[in-house]
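The structure appears below as structure tokens.
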Amino acid sequence: MGIAVLRSYVRALQAIEKRNAGEPVETPAFTVEHSSVAELGGTLSAAAAGWERYRVRPARTVHEHQRSVALFVQMHGDLHVTQIRRSHVREFRETLQSMPRHREGELLKATLPDLKVWGQLHPEAAKISPATINKQLGAVQAIVVWGNENGLVPEDIMWSDPFSKMRVTEDDSERAPFSLTELQMIFSAPLFTGHKPPLGAKGVAGVWLPLLALFTGARQAEIAGLTVADVIKATDMELPFLLITEQLKRRKRLKTKSSQRAIPVHGRLVALGFLEYVETRRRSGETAWLFPSVEPNQPSALAAWSKWFGRYLRDTVGVSDSAKVFHSFRHGFKDAARAGSVAQDAADHPSLRTRPRHNHALGSRRGL
């Protein structure tokens, strides 16, 4: 072996000498010999299938990851996980950057390479956001990392994550908190003053979801997934509180494990009759959903409600800024917590025994 290495070294020196003299020398192709395809390990599609079977995940998450993998395969084919290089990821990323944001007609069926060509021919067209690009990259990355950790990369092959540090720089969040004026517009609109929720509001969900988001900072799906048992009124507590938990058997999921938390029920919610509403739902049992019209077993119902609320903001309330959406309540809650000198960990994971101080940013909204 030593002799073979020395001979190769001498040949390399001779090739360098020829190049320095101006003679063309072909660069030898770098190859890794395998006795069989099996030694390459699993393919990207095999990793995706294993990742999907590994544990129960929200249907939307599975769809998004499948879509991202399909786009990558359109670009490079169904490579083995060990064959994916950073150059593949870079080309995938650059192609996504040319992808039009709005697609209709033939573009809906176009492959990713075709969309890249279209985007280059129409540079003025709006492209998908950096956040969306990173989401696509992150989805494929999660699949290949899972494949490596679960035996789809042979142990004798040195593997490193080709997606590491390949994200694009994101702009500031496209979502923004509601201003005080906008909040006054929202809660003085007919939905809250007329006592006749429109059809799209799905009953009382249209009233309580925005109010709970305003005073708790909880996500839309977290509120929709509340049950009667999640509203706790312990005798040793100054305030009742909400438990944000996960119940996979009931399709009740959280964004992250750290999202499980307890949130005190603001006194203004109590004054508005939230606890009385809970008691009416308690007649259906402790496991009853607080808002059955948007509960997790009907994922399309919450999606429809979300679209309705967006239209309601624009058409009825008059909030025209596209950066203002339901999630803006959460942004506003976090801003109010910072303004009230609430520690970030307390705002994100409130203590069950901490009574929140009255915060004017949350408690003095005109009309609430």
Side-chain angles (χ1 to χ4, degrees), residues 55-61 191-192 195 197 199-306 308-309 326-327 329-330 333 346-356 362-363 368:
R55 67 179 177 87
V56 177
R57 290 181 169 86
R60 182 175 178 180
T61 300
L191 177 63
F192 297 92
H195 306 290
L199 182 63
K202 294 189 179 293
V204 295
V207 175
W208 286 117
L209 263 64
L211 284 170
L212 286 167
L214 173 69
F215 286 108
T216 67
R219 300 178 179 90
Q220 186 180 115
E222 291 173 344
I223 301 172
L226 289 172
T227 66
V228 170
D230 293 330
V231 184
I232 310 297
K233 296 190 297 182
T235 56
D236 61 339
M237 301 290 295
E238 293 186 53
L239 288 173
F241 59 89
L242 303 177
L243 278 181
I244 306 295
T245 59
E246 191 171 60
Q247 290 179 284
L248 296 181
K249 291 183 178 180
R250 303 190 73 187
R251 302 191 178 211
K252 182 179 174 182
R253 300 179 178 89
L254 299 179
K255 185 174 182 180
T256 63
K257 291 182 179 180
S258 62
S259 295
Q260 183 164 291
R261 61 200 187 278
I263 308 175
V265 177
H266 196 282
R268 190 57 59 88
L269 290 172
V270 175
L272 289 170
F274 176 64
L275 297 183
E276 284 82 353
Y277 171 72
V278 173
E279 290 307 313
T280 63
R281 293 297 303 143
R282 200 180 300 276
R283 297 168 192 164
S284 299
E286 288 294 314
T287 61
W289 301 106
L290 279 188
F291 309 108
S293 61
V294 293
E295 50 94 355
N297 285 315
Q298 305 180 70
S300 59
L302 182 59
W305 186 92
S306 182
W308 166 82
F309 186 77
F326 186 89
H327 203 74
F329 288 120
R330 181 170 172 82
F333 179 88
D348 292 339
H349 308 285
S351 167
L352 298 187
R353 297 189 177 277
T354 301
R355 180 172 183 170
L362 292 178
L368 290 185

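Atom set for the values below is all heavy atoms of this structure, side chains included, hydrogens, waters and symmetry mates excluded. Numbers here are sequence positions counted from 1.
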(request) Could you walk me through whether Leu272 and Trp208 pass side-chain contact (heavy atoms from CB on, under 4.5 Å), step by step? (result) CA-CA 10 Å; Leu272 289 170; Trp208 286 117; 4.2 Å; yes
(request) Give the intermediate values and the outcome of side-chain contact (heavy atoms from CB on, under 4.5 Å) for residues Leu243 and Leu226. (result) CA-CA 8 Å; Leu243 278 181; Leu226 289 172; over 6 Å; no
(message) Between Leu275 and Lys233, is the side-chain contact (heavy atoms from CB on, under 4.5 Å) condition met? List the steps.
(response) CA-CA 10 Å; Leu275 297 183; Lys233 296 190 297 182; 4.3 Å; yes
(message) Before you tell me yes or no, could you show the steps for Leu199 and Trp308 under side-chain contact (heavy atoms from CB on, under 4.5 Å), namely the whole-Å CA-CA distance, both residues' side-chain angles and the distance that decides it to 0.1 Å?
(response) CA-CA 9 Å; Leu199 182 63; Trp308 166 82; over 6 Å; no
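Phe291 and Val204 get closest at one heavy-atom pair: CD2-CG2, 4.5 Å. The two residues Gly206 and Leu191 have their closest heavy-atom pair at O-CD2, 3.2 Å. The shortest non-hydrogen separation linking Arg282 to Val231 is NH2-O, 4.0 Å. Of all heavy-atom pairs between Ile263 and Ala218, the closest is CD1-CB, 4.5 Å. Leu302 and Ala221 get closest at one heavy-atom pair: CD2-CA, 3.8 Å. Scanning all heavy atoms of the two residues, the minimum distance from Gly200 to Trp305 falls at O-CD1, 3.7 Å.
Side-chain contact between Leu209 and Phe309 is absent, with no heavy atoms from C-beta onward closer than 4.5 Å. Using a 4.5 Å heavy-atom cutoff, the side chains of Pro210 and Phe192 are in contact.
Taking OG1 from Thr227 and CD from Glu295, the interatomic distance works out to 11.5 Å, rounded to the nearest 0.5 Å.
Take Ala213 and apply the side chain to side chain contact (heavy atoms under 4.5 Å, CB included) test, not counting sequence neighbours, and it matches Ile223, Phe326, Phe329. Residues satisfying the side chain to side chain donor-acceptor pair (under 3.5 Å) test with Arg219, not counting sequence neighbours, are Glu222, Ser259. With sequence neighbours left out, Ser293 forms a side chain to side chain donor-acceptor pair (under 3.5 Å) with no residue at all.
A donor-acceptor distance shorter than 3.5 angstrom exists from the side chain of Tyr277 to the backbone of Leu290, with no hydrogens or angles considered. Looking only at distances, a side-chain donor or acceptor of Gln298 sits under 3.5 Å from a matching main-chain atom of Pro292. With hydrogens and angles ignored, the 3.5 Å screen pairs a side-chain donor or acceptor of Arg330 with a backbone N or O of Gly217.
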